[in-house]
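Notes follow once the structure below has been shown.
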Amino acid sequence: MRRRHLVTALLVLAVVALFALPLLVGGDSEYAGTDSQATELIEESDPGYQPWFESVFSPGSSEVESGLFALQAALGGGVLGYVLGRLRGRRVAEEQAAPAPPPPS
């Protein structure tokens with residue numbers, strides 16, 4: 001049990017390092033989505049570019065857009081967690097339902 005706690009602590013530290021290192025090493029990088037970066041690059045390379053169509057829905061502000069993105073990420077995480085939990089529960093139920101091996105004679 002003690003080794004299991006050590007592995008869990010090391011995994012948590014690895015995840016924290018994965019998030020912290022880019023912030024520390026990146027310096028003064030701007031945080032922008034790939035959509036914004038792609039739009040900026042297209043506008044630089046072809047100033048007369050006209051988009052093929054307009055978005056069906058565009059949020060009123062960047063805060064609303066960020067909130068919708070966070071909501072989408074939370075829903076995706078919830079669905080992923082639910083599916084993983086169901087799969088684990090199914091495996092545990094199958095292991096418990098399996099007949100016990102006969103005792104050695």
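Heavy atoms only: backbone and side chains are in, while hydrogens, waters and symmetry mates are out. Heads up: numbering here begins at 1 and tracks the sequence.
Remark: Leu75 CG to Leu80 CG distance equals 12.5 Å, nearest 0.5 Å. In this structure, CG on Leu18 lies 11.0 Å from CG on Leu13, to the nearest 0.5 angstrom. Note: Thr34 OG1 to Leu41 CG = 12.0 Å, rounded to the nearest 0.5 Å.
The hydrophobic cluster containing Tyr49, built from Ile/Leu/Val/Met/Phe/Trp/Tyr side-chain heavy atoms closer than 4.5 Å, also comprises Ile42, Trp52, Phe53. When hydrophobic side chains of Ile, Leu, Val, Met, Phe, Trp and Tyr are connected at separations under 4.5 Å, Val15 ends up clustered with Phe19.
Taking all atoms of both residues into account, the shortest heavy-atom contact from Pro47 to Glu44 is CD-O, 4.3 Å.
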